Amino acid sequence: MLVKSSSLVLLGVWITQAAAIACRKQYNVQPGDTCESIVKATGITLRELYRWNPTVQANCANLNVAQVCLGPSVQQRYVQIGDSSIVPNMPPTSSSSGVTQPTGIPPTTTTGVPTTTTSTPSPTHKPTYLAHLTVAVADETHFCMFLPTTPGNKAGNNGTYDNNAISDSEKNATTFCTQKDLTSHAKKFPLGFIKTAKYQYNNTAGFVQVTGKINRVKYHLKHKDQGGQYDNHGKGSPPKSMCVGYPYYVQLIEPDQGDYCIRCCANYADCNASRSQYGCKRVVPVLPQNVD
């Protein structure tokens, strides 16, 4: 479920911890709390509680989170809400009233998106975020993708740089991010490898994406390498790979074109993994505008 900035509580869970978006203030859920008791104690309305905390069900039956948002920051952006079954790990700055003041992912500006989908098949496996096997898309400065485990897939090609490094590593790639350990045990992209990044979203359809240009020589990828696709369709490429907060993802790296793209989706139809031969321009096209 995607929500507007005025309703945003948590960024998609970064593996063992939930990264907090800049919620203005939060309330620590106490044993025995109900939605009604929280509303009475904090002075917000029940409607505001549900609107600012979209993972809380209407009957409050799943009030199993550590904190709830009491008012979103005006600077919040459009990002995927994380798995509500994972308890956020927030800085211990609670007061006697149970209200905390968290820090958050820095906001950035975006432009861009429409499209619509209706197909919602069940995920091929449970959302389990494993070390080295989890990508993520938050914005143009916070995202992760798969790459070969070594430059040019050298370790997987008998000690020589691989002419087909991307496609040959589809089953054993590892996670690289804009920051080290942005997801569990993720490496940082090689310096200069990401040349440009454009973050876009479609809240109506339920997906986020980043597209841009790479400098292939920074990871010893060959100019004749036509690239390949990583996704979690079927058993996954690599197997058991996932995108934080979404049941589906698709990612392409095209060294010969200097392009990369990644999209994480609520619906499989928006992350169709059967069109890798079409390349980024058709699988994850740049969107004309963002959709709320």
Side-chain angles (χ1 to χ4, degrees), residues 15 129-138 140-199 209-244 248-264 271-286:
I15 312 313
Y129 304 128
L130 301 177
H132 310 287
L133 290 171
T134 304
V135 293
V137 174
E140 58 270 20
T141 59
H142 299 83
F143 66 93
C144 308
M145 299 193 297
F146 286 108
L147 287 172
T149 56
T150 57
N153 196 36
K154 192 173 182 180
N157 194 49
N158 298 317
T160 61
Y161 294 126
D162 192 345
N163 288 328
N164 301 292
I166 302 302
S167 61
D168 287 347
S169 67
E170 288 177 355
K171 295 300 181 183
N172 56 12
T174 194
T175 312
F176 285 76
C177 301
T178 51
Q179 299 174 15
K180 186 177 183 292
D181 293 325
L182 190 58
T183 63
S184 183
H185 291 81
K187 300 178 181 180
K188 185 177 181 179
F189 287 122
L191 183 64
F193 180 73
I194 300 294
K195 295 173 64 177
T196 66
K198 184 178 182 67
Y199 168 78
Q209 66 181 53
V210 174
T211 56
K213 290 288 186 179
I214 59 170
N215 183 345
R216 58 176 179 78
V217 301
K218 297 297 183 178
Y219 203 57
H220 295 279
L221 301 176
K222 298 288 190 176
H223 72 281
K224 292 183 179 180
D225 189 338
Q226 296 182 350
Q229 177 175 294
Y230 306 102
D231 60 69
N232 63 341
H233 178 66
K235 294 183 178 179
S237 297
K240 299 184 179 180
S241 58
M242 292 295 295
C243 179
V244 172
Y248 308 101
Y249 82 91
V250 62
Q251 177 212 319
L252 286 82
I253 301 283
E254 301 174 296
D256 60 334
Q257 301 295 319
D259 293 331
Y260 75 89
C261 56
I262 181 169
R263 178 183 286 182
C264 298
C271 281
N272 194 321
S274 63
R275 301 179 298 189
S276 60
Q277 69 273 19
Y278 293 153
C280 280
K281 288 181 172 59
R282 290 185 63 181
V283 177
V284 186
V286 173

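For clarity, every value in this text was computed on a predicted model and none was experimentally measured.
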Under a 3.5 Å distance rule, please check whether N157 uses its side chain to pair with a backbone N or O of G159 as donor and acceptor. no
For residues 188-197, which side-chain N or O atoms pair as donor and acceptor with protein atoms under 3.5 Å away, sequence neighbours left out?
{"unit_1": "T196", "atom_1": "OG1", "unit_2": "K213", "atom_2": "N", "d": "2.9"}

Check for a donor-acceptor pair, side chain of T150 on one end and backbone N or O of A155 on the other, with a separation under 3.5 Å. yes
Scanning both residues in full, the closest heavy-atom pair of P238 with S241 reads O-OG, 2.7 Å
Quick check for you: to the nearest 0.5 Å, what is the distance between L147 atom CG and L221 atom CG? 7.0 Å
Could you check whether any side-chain heavy atom of I166 comes within less than 4.5 Å of a side-chain heavy atom of Y230, counting everything from C-beta outward? yes
Return the minimal non-hydrogen interatomic distance between P255 and D225, and the atom names on each side. CD-O, 3.4 Å
Taking everything shown except E170 itself, do over 12 heavy atoms lie less than 6.0 Å from its CD? yes
With side-chain hydrogen bond (donor to acceptor under 3.5 Å, both in side chains) as the criterion, how do Y199 and T141 come out once you've worked through the C-alpha distance, each side chain's angles and the decisive distance to 0.1 Å? CA-CA 9 Å; Y199 168 78; T141 59; over 6 Å; no
From NZ (K154) to OG1 (T149), nearest 0.5 Å: 12.5 Å
Any S237 side-chain heavy atom under 4.5 Å of F146 side chain: no
Between the CG atom in D168 and the CG atom in N153, the distance rounded to the nearest 0.5 Å is 6.0 Å
Output all residues satisfying side chain to side chain contact (heavy atoms under 4.5 Å, CB included) with T211, sequence neighbours left out; order by chain, then residue number. K198, Q209, C261, V284, V286
Hey, is the main chain of M242 close enough, under 3.5 Å, to the side chain of N232 for a donor-acceptor pair? no
With rounding to the nearest 0.5 angstrom, report the OG to CD1 distance, S167 to I253. 12.5 Å
Are D259 and K281 close enough that some pair of their side-chain heavy atoms sits under 4.5 Å apart? yes
CD (Q257) and NE2 (H223) are apart, to the nearest 0.5 Å, by 12.0 Å
To the nearest 0.5 Å, what is the distance between CD (Q251) and SG (C271)? 11.5 Å
Any side-chain heavy-atom pair of V250 and Q229 under 4.5 Å: yes
Scanning both residues in full, the closest heavy-atom pair of P148 with T174 reads O-CG2, 4.4 Å
Using only atom types and a distance under 3.5 Å, with no angle test, would you say the side chain of T134 pairs donor to acceptor with the backbone of T183? no
Is there side-chain contact between C243 and V135, with at least one heavy-atom pair below 4.5 Å? yes
What are the two closest heavy atoms between P285 and R263, and how far apart are they? CD-NH2, 3.8 Å
